[in-house]
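A quick write-up on the structure given underneath.
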Amino acid sequence: ARWGSGAMLLAGTSTQARFGVVDDPAALEADWVRTTGAEPDAWARAFVAAQAVEVHDWLVGLGLRFGALLPEAATGARRVHVPEGGSAAIVRALGSGLDAQVRTGAWVTGLVVADGRVRGVAWRDAQNGTHTLRADAVVLATGSTLSDADRAAGVAAASPCPLDALIVGKDGALPPDADTLGFLTPLEPVLRNPDAIGTYPHVLPIGGDFPRLDVSRAIWVDGEGRRFFDEREWASTRAALAVQGLPGCVAWAVFDEPLAPDILARVPAELRAAALAGERILLHRDSVETLAAVMDADPAVLAATLDEAARTPGPGRPPAPRTPPFWAARLGLTAGKSWGGVATELDGRVLDRAGRPVPGLFAAGEFTGMGGGSLGAPFGFEGSLSPVVWSGRVAGRSAAGH
């Protein structure tokens, strides 16, 4: 919430109408398999049917305004709604009508279960004092299944490429006693698609300090200098799979001097100098041939790739680098989302391995793979905050009326 863009996948909204975009939920459902790699299940169909009203209109009614529409990578449809003020504005909108106590600086460490029913949570404060909170129902919305350091390390070890910036719990690993999957184990919840991890290409960091750069406007080439992926899908897991399929996972984003100020705007001068000096992450040369040489690519292949890109431009495709000097940034992979998670019924109730709802227990958000257990598996999609908000509304309503 502090740093996200707050992007949401939405279709058939008044914001689209304001931008002159014609779209509707039926079109989104028809595109679902192209967008996520999976046919829509009951959860996906329910989300698609509800999202324009239950997410978009509801948030707009709370004062949120969407200021930009971006094309969805797999289809090109302008469905990715970006709120003015980013995800922090969404938090403010959600809090504007909240009539409840919000406790921060506390870790939930377990569930209170009595007579086969969840009746509250155990938690500890910043001074490690232990407490319990009684409730008629509990909604778990604890985020990524990568929150446990050991589980995250297993994901990294299984990757064919080094995961140089694996995001664990977004803001660091959770304490062992606060790992939700761990304290849920006695209730035997169903976990769907646990290997569906959202992994994305970014410029490799320097000691973890190099900012992630938007290289969607660069030309992506492999170790020999051949273009290997449609850069318009840079924000999808497909992009990571393409990098993983390359020999040695070697991939570069190539751009020229006119794009450099925008792409490198977030890189402080000292970091840029260190990267250029190391010639491992960021390269800068006066010609395509000398750039290819330091990339250890074939100069003729790279030149032919850039010539072909110049001959075949397309809507939304990055411009071919033509103006020297030329730049190349090495791509690495980061993992940051769980597209699989705890399975729930359509009302948000958590299911056990026997297919029965756990009395008094609900779940929502990324902990449920954005909704239901795996709303976006296997590839996921841009704008996943919209099903997070929607699944939260579903679980919250159900728990409140339980």
Side-chain angles (χ1 to χ4, degrees), residues 73 159-165 199-207 210-236 238-267 269-334:
S159 172
C161 305
L163 288 176
D164 51 274
T199 307
Y200 309 97
H202 291 285
V203 174
L204 286 167
I206 302 175
F210 202 74
R212 292 188 194 139
L213 306 183
D214 179 357
V215 289
S216 60
R217 291 172 293 169
I219 302 295
W220 292 11
V221 301
D222 62 16
E224 291 190 352
R226 291 185 176 84
R227 200 174 195 173
F228 67 92
F229 190 72
D230 186 339
E231 299 86 359
R232 288 172 294 186
E233 293 193 46
W234 70 276
S236 70
R238 293 177 178 88
L241 293 174
V243 173
Q244 290 174 356
L246 299 176
C249 300
V250 176
W252 295 90
V254 178
F255 52 100
D256 61 5
E257 194 63 21
L259 275 180
D262 288 339
I263 291 180
L264 300 175
R266 297 173 56 200
V267 184
E270 62 274 15
L271 274 183
R272 186 185 303 190
L276 289 171
E279 293 196 336
R280 184 178 65 88
I281 295 167
L282 191 64
L283 309 177
H284 187 219
R285 289 295 186 274
D286 290 331
S287 69
V288 172
E289 290 74 22
T290 54
L291 183 71
V294 74
M295 289 169 58
D296 201 23
D298 186 320
V301 170
L302 180 59
T305 295
L306 300 187
D307 287 342
E308 176 64 19
R311 288 194 300 270
T312 58
R317 292 183 71 87
R322 308 303 292 171
T323 306
F326 298 98
W327 298 77
R330 178 72 185 273
L331 298 180
L333 300 182
T334 65

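What you see below is based on every heavy atom in this structure, not just the backbone, and it leaves out hydrogens, waters and symmetry mates.
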Taking salt bridge (charged side-chain N to carboxylate O under 4.0 Å, His left out) as the test, write out the residues that go with D230, two or more places apart.
R232, R317
Using modelled atom types and a 3.5 Å cut-off, is there a donor and acceptor pairing between side-chain atoms of R217 and backbone atoms of L259?
no
Does Y200 have any ring-ring contact (aromatic ring centres under 6.0 Å, His included) partners at least two apart in sequence or in another chain, and if so, which?
none
Let me confirm one number: the CG-NE2 distance from L276 to H284, rounded to the nearest 0.5 Å.
7.5 Å
So how far is it from D222 CG to W252 CH2, rounded to the nearest 0.5 Å?
12.5 Å
Can you measure from CZ (R322) to CG (L306) and round to the nearest 0.5 angstrom?
7.0 Å
Check L331 against W220 and note the closest heavy-atom contact, atom names and distance.
CD1-CD2, 3.8 Å
What pair of heavy atoms forms the shortest contact from F326 to S287, and how long is it?
CD1-C, 3.7 Å
Is there any salt bridge (charged side-chain N to carboxylate O under 4.0 Å, His left out) pair reaching into residues 284-296, and which pairs are they, with sequence neighbours excluded?
E279-R285
T305 (side chain) donor-acceptor with G225 (main chain) under 3.5 angstrom
yes
Would you give the length of the straight line joining atom CD of E224 to atom CG of D298, rounded to the nearest 0.5 angstrom?
7.0 Å
Side chain to side chain contact (heavy atoms under 4.5 Å, CB included) between F229 and R238: does it pass, once the steps are laid out?
CA-CA 9 Å; F229 190 72; R238 293 177 178 88; 4.2 Å; yes
May I ask you to test the E231-S216 pair for a side-chain heavy-atom distance under 4.5 Å?
no
Non-hydrogen atoms of L333 and C161 that approach each other most closely
CD1-CB, 3.8 Å
To check you understand the geometry: which heavy-atom pair defines the closest contact between P321 and I219, and what is its length?
CD-CG1, 3.5 Å
Looking only at heavy atoms, which two atoms of A218 and A253 are closest? And how far apart?
CB-CB, 3.8 Å
Where do L291 and W327 come nearest, in terms of heavy atoms and distance?
CD2-O, 3.9 Å
Distance from L283 atom CG to M295 atom CE, nearest 0.5 Å?
7.0 Å
Value rounded to 0.5 Å, distance of CG in L282 from CD1 in I263
10.0 Å
In terms of heavy-atom contacts, does CZ of R226 have more than 12 from other residues, nucleotides or ligands at under 6.0 Å?
no
